[in-house]
Amino acid sequence: MANQRQRAVVWAVVALAGIWLVALCGWWITDHLKVTGEKVGAYLESVDLSKLSGDERARALRRLADMLNKLTLEERRQLRLGRGMDEWFRQMTDGEKLAFIEATMPTGMKQMLTAFEEMPEDKRQRAVDNAIKNLREAGKQVRSGEGQGRAGAEQPPISQELEEKVREIGLKSFYSESSAQTKAELAPLMEELQRSMQNGTAFRGGRR
C-alpha cells in the first residue's frame with residue numbers, strides 16, 4: 001500500500017513537472033516568435049537591401065511588411081519616428097514603395113480617410129493639429145532616448161510643405177494623388193490620425 005502511494009506521488013510530481021515544462025516551452029516559443037519594434041529594427045540593420053535583387057529582394061521586402069503588420073500602432077509610430085526605415089525606403093523603387101505601402105496599410109485606414117474627409121473643416125484642422133503635436137512630442141522622446149540630442153528632437157514629423165498641402169487640398173485627395181515617396185512621408189501622420197481618432201483624442205485642444 002505504501003509503495004502504491006509513493007508511486008502515485010512520484011507520478012503526480014512527474015506529471016506536474018511535465019505540465020510546467022510544456023508551459024515554459026510554449027512561453028519561450030511565443031516570446032521568441034512575437035514581433036517587436038526592436039526585432040524589426042534589428043532586421044532592418046541586418047539586411048542591406050542594396051545588395052539584394054530578384055526573388056531574394058522581394059522576400060526581404062515581404063518579410064519586413066509581415067513584421068511591420070504584426071506591430072501595434074504605438075510600436076509602428078516609435079519605429080517610424082526613430083527613422084529606422086528611412087534607409088530602406090531610399091533604396092526602394094517607386095513600384096516597391098507603392099506595393100510596400102499598400103501591404104502595410106493598417107486595417108481600417110481607408111475607412112478612416114473617408115470618415116476624416118466627411119468631418120467639418122474645423123474638426124479636420126484640429127485633428128491634424130493634434131496629430132502633428134503628438135508626433136512631435138513622441139519624436140522628441142524617441143530621439144532623446146536614442147541619444148540624438150536637441151537637434152534630433154526638433155526634426156518635424158512631416159515637412160511644412162506637406163502639412164500645408166494636407167490642410168489645403170484635403171488628406172484623402174492629396175494622398176490619392178501623391179507619389180510613392182510622398183505617401184511614405186505621410187504614413188506617420190495618417191497612422192497618428194487613425195490612432196487618435198480610435199482613442200478619442202483627435203479633437204482635444206485648439207489650433208497651435
Side-chain angles (χ1 to χ4, degrees), residues 25-113 131 134-136 138-148 151-153 155-159 161-162 166 171-172 174-195 198:
C25 288
W27 172 84
W28 186 89
I29 292 173
T30 300
D31 184 64
H32 282 71
L33 291 179
K34 181 182 178 181
V35 177
T36 64
E38 289 79 8
K39 289 181 180 179
V40 177
Y43 178 69
L44 289 167
E45 293 180 0
S46 69
V47 177
D48 187 347
L49 190 63
S50 66
K51 294 182 179 179
L52 303 181
S53 60
D55 291 342
E56 191 176 15
R57 183 181 176 94
R59 282 196 299 271
L61 290 171
R62 283 198 301 271
R63 182 179 179 189
L64 177 59
D66 289 341
M67 294 178 76
L68 194 64
N69 287 335
K70 292 177 182 177
L71 298 179
T72 64
L73 281 176
E74 178 62 28
E75 288 173 323
R76 287 167 70 112
R77 179 171 75 161
Q78 295 293 318
L79 184 66
R80 291 191 188 281
L81 291 175
R83 309 292 178 180
M85 296 178 58
D86 287 5
E87 186 60 30
W88 274 56
F89 268 113
R90 280 193 289 269
Q91 294 174 14
M92 290 183 198
T93 65
D94 285 345
E96 287 173 339
K97 289 176 182 176
L98 285 172
F100 186 83
I101 291 167
E102 184 66 24
T104 58
M105 182 174 289
T107 302
M109 180 63 73
K110 293 179 180 178
Q111 291 88 335
M112 183 279 291
L113 279 172
N134 292 341
L135 286 172
R136 184 176 289 114
K140 288 180 181 180
Q141 295 176 0
V142 170
R143 288 183 284 277
S144 176
E146 293 175 350
Q148 294 184 24
Q155 188 174 7
I158 64 171
S159 68
E161 180 183 5
L162 281 185
V166 165
L171 182 58
K172 185 176 182 180
F174 180 53
Y175 182 81
S176 64
E177 298 169 1
S178 295
S179 66
Q181 181 60 38
T182 299
K183 284 185 167 90
E185 292 174 14
L186 282 172
L189 175 61
M190 294 177 61
E191 291 182 7
E192 182 61 28
L193 281 169
Q194 183 180 21
R195 178 178 176 275
Q198 287 177 346

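Below, all heavy atoms of this structure are taken into account, side chains as well, without hydrogens, waters or symmetry copies.
- For the atom pair CE (M105) and CD (E191), the distance works out to 9.0 Å, reported to the nearest 0.5 Å.
- Residues L162 and E185 come closest through the heavy atom pair CD1-OE1, 3.2 Å.
- Residues L68 and R76 come closest through the heavy atom pair O-NH1, 3.4 Å.
- Distance check, rounded to the nearest 0.5 Å: OG1 of T104 to CE of M67 gives 13.5 Å.
- Judged by distance alone, with hydrogens and angles left aside, the side-chain atoms of R195 form no donor-acceptor pair with the main-chain N or O of E74 at under 3.5 Å.
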K97/T93 under side-chain contact (heavy atoms from CB on, under 4.5 Å): CA gap, chis, key distance, verdict: CA-CA 6 Å; K97 289 176 182 176; T93 65; over 6 Å; no

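- For the atom pair OG1 of T36 and NZ of K70, the computed distance is 12.0 Å after rounding to the nearest 0.5 Å.
- In terms of heavy atoms, K34 sits closest to K39 at O-NZ, 2.8 Å.
- No donor-acceptor distance shorter than 3.5 angstrom exists from the side chain of E192 to the backbone of L135, with no hydrogens or angles considered.
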E87 vs L44, side-chain contact (heavy atoms from CB on, under 4.5 Å): CA-CA, chis, key distance, verdict: CA-CA 9 Å; E87 186 60 30; L44 289 167; over 6 Å; no

Verdict with supporting geometry, L193 and L171, side-chain contact (heavy atoms from CB on, under 4.5 Å): CA-CA 11 Å; L193 281 169; L171 182 58; 3.4 Å; yes

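- With respect to K110 and E102, a salt bridge is recorded, a charged nitrogen being found less than 4.0 Å from a carboxylate O.
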Verdict with reasoning, E56 to R62, per salt bridge (Lys or Arg N to Asp or Glu O under 4.0 Å): CA-CA 10 Å; E56 191 176 15; R62 283 198 301 271; over 6 Å; no

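- Minimum heavy-atom separation, E96 to M92: OE1-CA, 3.3 Å.
- Scanning both residues, F89 and A184, for their nearest heavy atoms gives CE2-CB, 3.8 Å.
- Between the side chain of E75 and the backbone N or O of T72, at least one donor-acceptor pair lies under 3.5 Å.
- Counting only distance, with no hydrogens or angles, the side chain of N69 and the backbone of A103 share a donor-acceptor pair below 3.5 Å.
- Applying the ring-ring contact (aromatic ring centres under 6.0 Å, His included) criterion to Y175, with sequence neighbours excluded, gives no partner residue.
- Between the side chain of T182 and the backbone N or O of S178, no donor-acceptor pair lies under 3.5 Å.
- Annotation for L52 and A60: closest pair CD1-CB, 3.7 Å, computed over non-hydrogen atoms.
- Put simply, the side chain of K183 never gets that close to the backbone of I101: no donor and acceptor are under 3.5 Å apart.
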